[in-house]
Amino acid sequence: MLYIGNHTTSSKGYENMARQMIANGGNTFAFFTRNPRGGKAKEINEKDIEKFLALAGEHHFGRIVAHAPYTLNACAAKENLREFARETMADDLKRMEYTPGNYYNFHPGSHVGQGAETGIHKIAQILNDVLTDGQSTTVLLETMSGKGSEVGRNFEEIRAILDLVDKKDKMGVCLDTCHVWDGGYDIVNNLDGVLEEFDRIIGLEKLKAVHLNDSMNEMGSHKDRHAKIGEGHIGLEALVRVISHPALQGIPFILETPNDDEGWTKEIRLLRESAENLVL
Ligand code: FE
Ligand code: FE
Ligand code: ZN
């Protein structure tokens, strides 16, 4: 089963997000757990959750991929910012239990001059503070492009964070195609090689979700500007090989392309059709 959907901008509850996704031709989706710039989360409406769970079951949805606010920085230099990250993640993880067994993705952080090693330790420390034995959610570290002082710019840094987390079974990785391309991984000419490297350094069993984006920039640019599918330097063919790769079957593919619902509907259809017609 191919699970594909988009990061939905609709924030009118779980049922509406699912309905929008069904209209778009999707069977998974991503969403911000709260305003992407932070702030308070909307209250959970249990009726809404019930309707969502029924709908997702009926339409055979794959796992959904919640996204933490991108202002959250678990390795900030200022302790009050780290406290915000800690509280936000802990609260989000509590709320995630209303929709059990899904994914919570976050940007590892920016070390803002403290150095990657300090950043890695600080990120792992926050994870050790917020992960609980009882949670059914898997927390995903997103692979980053390495712009500015981003941590998670290569597979080694992701592995280093995972190594320092106590509750390893609660952790996974979300691979963003634009970010790894911008980070210098050639998924266009050597997808097998990149996945082999991921397997060697992190382990493919940790790869739980993919952000499927084209890139406005060249490989190794460390820029992180998403392009529409087929309109960037990665291209449609390479992205179809990603969603068709035998090692990546069953995991959710999330579009974070600069689109509206009409554009995402077209991309989802194009990707599904291209994957069906792909001759390997
Ligand atoms: Fe992200
Ligand atoms: Fe992403
Ligand atoms: Zn990005």
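Small disclaimer: the values here were computed from a predicted structure and weren't measured. Ligands are counted one by one from 1 in listed order, and the atoms in each one are counted from 1 as well. When a residue number appears, it is its place in the shown sequence, counting from 1.
- We find that Asp214 and Lys228 are not joined by a salt bridge, their nearest charged nitrogen and carboxylate oxygen being 4.0 Å or further apart.
- At least one N, O or S atom of Asp224, from either the backbone or the side chain, sits less than 2.8 Å from the Zn ion (ligand 3).
- Shown here is Arg159, whose CZ atom has no more than 12 heavy atoms of other residues, nucleotides or ligands within 6.0 Å.
- At a threshold of 4.5 Å between non-hydrogen side-chain atoms, the residues Ile161 and Val151 count as touching.
- Remark: Glu237 engages Arg241 in a salt bridge, criterion side-chain N to carboxylate O under 4.0 Å.
- Look at His211 and the Zn ion (ligand 3): no N/O/S atom of the residue is under 2.8 Å from the metal.
- Distances from the Fe ion (ligand 2) to each N, O or S atom of Glu256 single out OE1 as the nearest.
- At a threshold of 2.8 Å, the Zn ion (ligand 3) has no backbone or side-chain N, O or S atom of Cys178 nearer than that distance.
- Taking the six-membered ring for Trp, His226 and His211 have ring centres at least 6.0 Å apart.
- With respect to the salt-bridge test (charged N to carboxylate O, under 4.0 angstrom), the residues Glu83 and Arg86 qualify.
- Restricting Asp176 to its N/O/S atoms, the shortest distance to the Fe ion (ligand 2) is reached by OD2.
- Coordination check, His179 versus the Fe ion (ligand 1): failed, since every N/O/S atom of the residue sits at 2.8 Å or beyond.
- In summary, no N, O or S atom of Cys174 is located under 2.8 Å from the Fe ion (ligand 2).
- Residue side and main chain included, His211 places no N/O/S atom under 2.8 Å of the Fe ion (ligand 1).
- Under 2.8 Å from the Fe ion (ligand 1) lies an N/O/S atom of Glu142, whether from backbone or side chain.
- Side-chain contact between Arg153 and Lys147: absent, with no pair of heavy atoms (C-beta onward) separated by less than 4.5 Å.
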